[in-house]
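Worksheet: the structure to be examined is printed underneath.
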Amino acid sequence: MIGRLNHVAIAVPDLKAASAQYEQILGAKVGAPQDEPDHGVTVVFIELPNTKVELLYPLGEDSPIQGFLDKNPSGGIHHLCFEVEDIHAARDRLTAEGARVLGSGEPKIGAHGKPVLFLHPKDFNGTLIELEQV
Ligand SMILES: CC[C@H](C(=O)O)C(=O)SCCNC(=O)CCNC(=O)[C@H](O)C(C)(C)COP(=O)(O)OP(=O)(O)OC[C@H]1O[C@@H](n2cnc3c(N)ncnc32)[C@H](O)[C@@H]1OP(=O)(O)O
Ligand SMILES: [Co+2]
């Protein structure tokens, strides 16, 4: 069911500093910040030959990543995003297997304009999983 690793997301305390680090110290191709109010984050994508890094910074009062940054003030790996062909079929299969789909259970449009869903970290070895339909 899951396909390619679309991105590894890192929550950061300072988006500008983290972007500069990837661009200047790690020599990566860093995109411009994108506000995603529907998700409560500002994101920066870093294109790599085989996947992407998604830098995340809280946007707005009730950002879903604020709790994570409060617990991890220097930042940390926040989630893995896997690609799926059919996000509704994936959701239904995962739910049938007892996995918790976060939010309403209906996919939202993510940063790439594709439907995304999130699976509870406690059901996947302490790792927040995002699914993106490609
Ligand atoms: C623009 C979209 C973009 C894209 O790629 O297209 C994105 O990726 S948007 C990314 C931001 N959106 C989300 O993360 C949505 C899904 N996340 C959530 O709903 C919350 O973050 C949630 C429910 C996973 C955690 O929320 P919160 O931290 O406020 O809740 P708790 O404190 O109750 O946490 C419960 C439990 O889980 C642990 N936790 C929290 N976040 C993570 C994480 N990222 N990885 C691993 N574990 C996590 C937290 O420490 C608690 O554990 P406990 O042992 O009980 O302390
Ligand atoms: Co993501």
Side-chain angles (χ1 to χ4, degrees):
M1 181 169 68
I2 57 170
R4 283 172 8 109
L5 176 67
N6 183 277
H7 60 269
V8 176
I10 302 172
V12 297
D14 181 334
L15 195 56
K16 207 160 170 221
S19 299
Q21 207 176 29
Y22 272 84
E23 191 158 40
Q24 292 155 23
I25 300 176
L26 295 171
K29 187 166 163 285
V30 176
Q34 269 173 250
D35 283 352
E36 296 289 345
D38 197 28
H39 292 269
V41 291
T42 300
V43 301
V44 166
F45 276 100
I46 295 155
E47 300 288 333
L48 301 173
N50 63 332
T51 189
K52 292 186 275 291
V53 169
E54 177 186 62
L55 301 179
L56 293 172
Y57 186 74
L59 176 67
E61 289 310 305
D62 50 357
S63 170
I65 72 166
Q66 191 57 60
F68 181 89
L69 273 174
D70 293 345
K71 286 182 187 163
N72 306 278
S74 49
I77 292 180
H78 185 263
H79 63 268
L80 301 180
C81 181
F82 298 113
E83 294 178 357
V84 292
E85 282 180 15
D86 179 337
I87 200 156
H88 286 98
R91 175 200 58 193
D92 297 345
R93 178 169 160 190
L94 286 155
T95 310
E97 301 275 348
R100 286 169 285 180
V101 175
L102 295 171
S104 69
E106 270 315 302
K108 275 178 157 178
I109 298 302
H112 300 125
K114 307 273 181 58
V116 299
L117 277 177
F118 288 88
L119 307 176
H120 202 287
K122 293 298 181 194
D123 297 337
F124 292 93
N125 312 296
T127 306
L128 179 62
I129 302 281
E130 177 182 10
L131 301 180
E132 177 174 322
Q133 179 171 291
V134 292

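- Rounding to the nearest 0.5 angstrom, the gap separating the CD atom in Q133 from the CD1 atom in I109 is 8.5 Å.
- Of the possible polar contacts, one joining the K108 side chain to the D38 backbone as a donor-acceptor pair under 3.5 Å is found.
- Q34 meets the side-chain contact (heavy atoms from CB on, under 4.5 Å) test with E36, V43, F45, A111; sequence neighbours excluded.
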>> Under the criterion salt bridge (charged side-chain N to carboxylate O under 4.0 Å, His left out), I'd like the reasoning laid out for R4 against E83: C-alpha separation, chi angles, the key distance, then a yes or no.
In response: CA-CA 5 Å; R4 283 172 8 109; E83 294 178 357; 3.1 Å; yes

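- Closest approach of R91 and V101 over heavy atoms only: CG-CG2, 3.9 Å.
- The 12-atom threshold is not exceeded at CD of E85, counting heavy atoms of other residues, nucleotides or ligands nearer than 6.0 Å.
- When all heavy atoms of I65 and A11 are compared, the closest pair comes out as CD1-CB, 4.4 Å.
- The two atoms that bring P107 and I87 nearest to each other are CG-CG2, 3.6 Å, heavy atoms only.
- Considering only residues two or more places apart in sequence or on other chains, D35 meets the side-chain contact (heavy atoms from CB on, under 4.5 Å) condition with P37, T42, L59.
- Across all their heavy atoms, G98 and D123 have their closest contact at O-OD2, 4.4 Å.
- Residues H112 and K52 meet the side-chain proximity criterion, which asks for heavy atoms closer than 4.5 Å.
- When the side chains of ILVMFWY residues are joined at heavy-atom separations under 4.5 Å, either directly or via intervening members, V116 and V134 end up in two distinct hydrophobic clusters.
- From Y57, atom OH reaches atom CG of D14 across 7.5 Å, with rounding to the nearest 0.5 Å.
- Under the 4.5 Å side-chain heavy-atom criterion for ILVMFWY residues, no single connected hydrophobic cluster contains both L80 and F68.
- No single ILVMFWY cluster, assembled from side-chain heavy atoms under 4.5 Å apart, contains both L119 and L102.
- Checking side-chain atoms of T127 against main-chain N and O of P121 turns up no donor-acceptor pair under 3.5 Å.
- By the 4.5 Å heavy-atom criterion applied to side chains, F118 and L128 are counted as neighbours.
- When side chains are defined from C-beta on, L94 counts as touching L131, because their heavy atoms get closer than 4.5 Å.
- The shortest side-chain heavy-atom distance between I10 and V53 falls under the 4.5 Å cut-off.
- Crowding of R100 atom CZ: a count of heavy atoms from other residues, nucleotides or ligands under 6.0 Å exceeding 12.
- Nearest heavy-atom pair across E132 and C81 is CB-SG, 3.6 Å.
- Within the 4.5 Å cutoff, the side chain of V44 has heavy atoms near those of the L15 side chain.
- Shown here is I77, whose CD1 atom has no more than 12 heavy atoms of other residues, nucleotides or ligands within 6.0 Å.
- When all heavy atoms of F82 and I129 are compared, the closest pair comes out as CE1-CD1, 3.5 Å.
- The side-chain hydrogen bond (donor to acceptor under 3.5 Å, both in side chains) pairs that include a residue from residues 68-82 are H7-H79, E54-H79, Q66-D70, H79-E130, where partners are two or more places apart or lie in different chains.
- With contacts defined as side-chain heavy-atom distances shorter than 4.5 Å, the pair V41/S63 qualifies.
- By the 4.5 Å heavy-atom criterion applied to side chains, Y22 and L55 are counted as neighbours.
- For the pair L69 and P58, the minimum side-chain heavy-atom distance is below 4.5 Å.
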